[in-house]
There are 2 protein chains.
Amino acid sequence: MVTLEDVAKQAGVSLATASRVLNGSTRQVGAALRARVERAADELGYRANIAAQTLARGAGNVIGIVVHDLTDPYFAALADGAMRTAAGERLLVMVGTTHRDPEQEIAYVATLHAQRVRAVLLAGSRVADERVTARLAAELAAYQASGGRVACVGQDLLGVDTVAPANRDGAAALARSLAGLGHTRFAVLAGPPHLMTAADRCAGFVTAVRDLGLPAPRVVHGPFDRDGGYTAAQETGDATCVFAVNDVMAVGALAAYRERGIRVPDDVSVAGFDDIVTLRDQVPSLTTVRLPLKDMGARALELALSGGDSRVVENVPGEVVLRESVKPLP
Amino acid sequence: MVTLEDVAKQAGVSLATASRVLNGSTRQVGAALRARVERAADELGYRANIAAQTLARGAGNVIGIVVHDLTDPYFAALADGAMRTAAGERLLVMVGTTHRDPEQEIAYVATLHAQRVRAVLLAGSRVADERVTARLAAELAAYQASGGRVACVGQDLLGVDTVAPANRDGAAALARSLAGLGHTRFAVLAGPPHLMTAADRCAGFVTAVRDLGLPAPRVVHGPFDRDGGYTAAQETGDATCVFAVNDVMAVGALAAYRERGIRVPDDVSVAGFDDIVTLRDQVPSLTTVRLPLKDMGARALELALSGGDSRVVENVPGEVVLRESVKPLP
DNA sequence: GGCATACTGGAAATCGCTTTCCGGGAGGTC
DNA sequence: GACCTCCCGGAAAGCGATTTCCAGTATGCC
């Protein structure tokens, strides 16, 4: 393993000079020595030891992103957006997946803290469990106290910079659009009750329906994924319009209806949320609420990095996109 | 920032003892002191500085994964598989995305080398450019020379442990299956000529068709993504069966045909490759060649970590999955 | 020519932690 | 009771960089 000392020796200069040449510094080094050092480094195949640099400099160039599940296109898009920003700032990215286990999320924050990463980005819904949230908040506070920066995509519950999608408003707008098409009997594939993103979308939808003076939707809970949508779709009763709280569940619902010979949108209209790119070629194309996921990821990281003095909460509106999977009631 | 020294002082013990208690060691520490140290650490909110640990121990607990594009479900699945293995070994993961730029890939390897990561996993097709490949190989060799471990998912061109999907054989088997349904006029949406995964799949397919004594397929090149498939599908001429070299392209092709009123599979059969989970609910459901992507990612990381003496190349067979998007010719 | 000023190069302290080595006390054996 | 082990605690030497000083030389200005 080649160290800076080896290079310095080979070049016949001091450690300080070698460091200044190779790893950047405000100080200049004469052309002759500079060349000698560079040649030596090249010959020896020197690579700076970043752990040592981090220790010496007291600051690293790594950030952390914590997501629930990378294979979920929602998180992939968020992470991708953030990673582009990171790349622009010449930062490396450590990605952790919690697989929806809040304990893992806490553990990951602790680990990233130990790594002294510059910033931590929490992408993914909070859960409605005050004890867990409090512990996570405490862990984040400890991290921030030692100079770390934190941002979060989701609900503003942690007391950190947050990019908050307008889950309630988006779902409400969707409900009004669908009601505008003449639907009155709704069902909601609501996902897990404790997952706040799911709960907010469900609540926004239900509230809007009620405010329109329509009968309360039937709410079916279940997992937040494709199979959850598939299963929940078995229990939508006589609803003419079904709202799945995310696109992936909506796709599961479409599959369930297809199998049972129920035509979408002729027999039942289906809508989702997120406007996942990978799912745009679904047939019938999915009515949904578009969220600018990549931008949100990028923006969240910018917030964390910018290190503003005061906390920022950005509200990101969703845009209702009507497509083939819904149909006006005659 | 709380250091181990602070903890030791507060507990009234030496640095060595504190280290042994908090950060693991083969040596035992008496119960009384152990408790004192733990209490002090807790009170002070101590977090080990991993950069310092890495430096002192001479080895970190981080691995690196380099992918082309996280939002591509192919890479997401690969990465997810690897990350599960990593989590099992209590390793952290740094993810880099190259966005298909080979230079970025090389740069990333250099960076991960500098980070002294334990292993690097290269997920993603090689390109047919000997100069680039040679430079990447050199970079990897340097990394390995200093103790790093490398594995790769894709083509065995780098001289490192490799998990190689049977792209040629899979495509050939698919060709035979499709020919078995009576098709004789094929087209291939071949992706970029220089991308080896694309090229191998295309070649496997074309060769198998020729070996069957059928006319050579029309080969249409283009980007390796959804839009590439969409565009290339405009030029499939009178083919009755179209093979897109990956599922994402196949979905693009389905969209193109749909828009033009060409029915799949009635007017043209379409097949893809990979069997991407997110795309399984596509209508019509996609005939494809299934690759166990998560396992491949996991396996590749295991190879890298296992540190076997001799190099391993594992061939992963694909399984032809016939679904609705193809139809026998009458 | 003399003096202040800027640069450049090097020695050495430092970052926070691990680990070897050493010393002292407890326990076991003959 | 002497001797040998075994264990546990601490002092100190690294790990591989950065960076602060300090010194020496070249430069600018009068």
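Letters A, B, ... are given to chains in the order of the sequence lines, protein chains preceding strands, and every chain is numbered from 1. Note that the structure is predicted; figures quoted are calculated from it, not measured. Every heavy atom of this structure was used, including side-chain atoms; hydrogens, water molecules and symmetry mates were not.
- Proximity of A/Asn23 to the phosphate of D/dT18: a side-chain N or O atom is located under 4.0 Å from OP1 or OP2.
- Side-chain nitrogen and oxygen atoms of B/Arg27 include none within less than 4.0 Å of the OP1 or OP2 phosphate oxygen of D/dC8.
- The phosphate of C/dT18 (OP1 or OP2) has a side-chain N or O of B/Ser19 nearer than 4.0 angstrom.
- Counting any heavy atom pair closer than 4.0 Å across all strands shown, A/Ile50 reaches no nucleic acid atom.
- Within 4.0 Å of A/Ala51, counting heavy atoms only, lies no atom of the nucleic acid at all.
- The side chain of A/Thr17 places no N or O atom within less than 4.0 Å of a non-bridging phosphate oxygen (OP1 or OP2) of C/dG9.
- Of the residues A/Val150, A/Val120, A/Leu121, the one that meets the side chain to side chain contact (heavy atoms under 4.5 Å, CB included) test with A/Val160 is A/Val150.
- Rounding to whole angstrom units, CD of residue B/Gln115 and P of D/dC15 are separated by 20 Å.
- Of the candidate nucleotides D/dA11, C/dA11, D/dA17, C/dA11 has the atom nearest to the side chain of A/Ala16.
- For the atom pair B/His113 NE2 and B/Gln144 CD, the distance stands at 10.5 Å (nearest 0.5 Å).
- The line from CG of B/Leu4 to CG of B/Leu15 is 5.0 Å long, rounded to the nearest 0.5 Å.
- OP1 or OP2 of C/dT18 sits under 4.0 Å from a side-chain N or O of B/Gln53.
- You'll find the side chain of B/Val109 reaches within 4.5 Å of the side chain of B/Leu122, heavy atoms only.
- Atoms CD (B/Glu5) and C1' (D/dA12) sit 13 Å apart, rounded to a whole Å.
- When rounded to the nearest whole Å, the span between CG of A/Leu15 and C1' of C/dT14 equals 13 Å.
- OP1 and OP2 of C/dG16 both lie 4.0 Å or more from every side-chain N or O belonging to B/Thr3.
- The nearest whole Å value for the distance from the CZ atom in A/Arg57 to the P atom in C/dA13 is 22 Å.
- The distance from atom OH of A/Tyr46 to atom C1' of D/dG16 is 7 Å, rounded to the nearest whole Å.
- When the side-chain nitrogen and oxygen atoms of A/Gln28 are compared with OP1 and OP2 of C/dC7, none of them lie within a distance under 4.0 Å.
- Sequence order on DNA chain D of the closest nucleotides to B/Ser14 and A/Ala52 puts B/Ser14 first from the 5' end.
- Protein atom CG of A/Leu55 is 4 Å distant from nucleotide atom C1' of C/dC15, rounded to whole Å.
- Atom pair A/Arg34:CZ and C/dC7:P shows a separation of 16 Å (rounding to whole Å applied).
- Heavy-atom nearest nucleotides on DNA chain C were determined for B/Val2 and for A/Leu33, and the one closer to the 5' end corresponds to A/Leu33.
- Atom-to-atom distance recorded for B/Leu140:CG and B/Ile106:CD1 is 9.0 Å, nearest 0.5 angstrom.
- As rounded to whole Å, 14 Å separates atom P of C/dT19 from atom CG of B/Leu22.
- One N or O donor and one acceptor, one from the side chain of B/Arg20 and one from the base of D/dG10, sit under 3.5 Å apart.
- No contact: B/Gly58 has no heavy atom under 4.0 Å from any strand.
- Annotation: side chain of B/His68 is not in contact with side chain of B/Phe224 (no heavy-atom distance under 4.5 Å).
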